[in-house]
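Input: a single structure, listed below in structure tokens.
Numbering of ligands and ligand atoms starts at 1, following listing order.
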Amino acid sequence: MIAIISDIHSNHEALKTVLADIDRRGIETIYCLGDILGYGPDPRECLDLVMERANFSLCGNHDHAVFYEPANFNVAAERAAFWTRTALEEEPDAAKRNRRWKFLAGLLPRNEMDGLVFVHGSPRKPINEYLFPDDVYTNPQKLLQNFERMNQMTCFCGHTHVPGVFVDDPYFEPPDELGDSQSYAIGDEKAIINVGSVGQPRDRDPRAAYAILNEDEVQFVRIEYDIDVTARKIHDNPHLDDFLGTRLFEGK
Ligand code: ZN
């Protein structure tokens with residue numbers, strides 16, 4: 001079994017809760033699809049946990065923004081990226097500081113394993129392209145082009161913070177449409193599977209999201225965590241917009 005996590009966004013409470021759930025299930029392999037950083041109050045703690053626990057981690061657009069430059073970010077996201085950089089830079093322990101920067105420098109834009117492909121955004125633009133559920137109706141071409149670019153049958157992604165499965169009709173199935181088990185069986189159709197967001201869900205469900213891959217079965221998991229603690233840290237941090245805390249309660 002493999003746990004696939006994404007979009008942690010410096011939310012230490014959510015990440016700890018998800019890792020505890022992964023441990024409770026006896027899962028030892030963890031893949032991280034990026035956006036460890038950005039928006040949230042605990043970049044150092046989240047980086048350290050992902051470095052320690054994940055078998056690999058990809059580069060998300062927010063990780064990229066902290067390491068290089070924010071591009072096409074809104075004001076709150078850009079301020080958070082610059083503050084995150086400062087927080088990493090102000091780590092007093094030089095060894096820790098250097099290890100984190102080195103890890104960020106080495107994040108992969110995409111990865112392939114066992115016939116599966118892993119990206120943060122989309123198959124053709126692995127760091128930055130959003131595949132939204134509405135694209136099925138408003139921009140089906142975008143999805144079809146991405147499916148055409150896939151040499152593999154199955155791609156895992158994050159980035160939109162909305163969990164679910166794109167199939168190449170194109171169609172989007174949220175976990176709620178996948179029956180009581182909220183799981184999807186990887187078969188002979190191409191699929192792009194969004195595992196959702198650990199630290200900032202945006203599907204109106206504030207619980208932390210991740211996915212478990214068990215043979216050919218992908219199970220979507222949701223877990224409650226202590227949002228109050230994360231939101232309070234955001235409100236207490238003058239560099240982080242208060243909205244970044246309140247949105248956590250609404251899951252948007
Ligand atoms: Zn994200």
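- Residues Trp101 and Lys96 have side chains not in contact (no heavy-atom distance under 4.5 Å, counting atoms from C-beta outward).
- Look at His62 and the Zn ion (ligand 1): no N/O/S atom of the residue is under 2.8 Å from the metal.
- Taking 2.8 Å as the criterion, His161 counts as a coordinating residue of the Zn ion (ligand 1), since one of its N, O or S atoms falls below it.
- Contact of the Leu49 side chain with the His12 side chain is registered, since non-hydrogen atoms from C-beta on lie closer than 4.5 Å.
- Ring centroids of Phe118 and Phe56 are separated by less than 6.0 Å, placing the two rings close together.
- Angle subtended at the Zn ion (ligand 1) by Asp35 OD2 and Asp7 OD1: 90°, rounded to 10 degrees.
- You'll find the ring centres of His64 and His120 outside the 6.0 Å limit.
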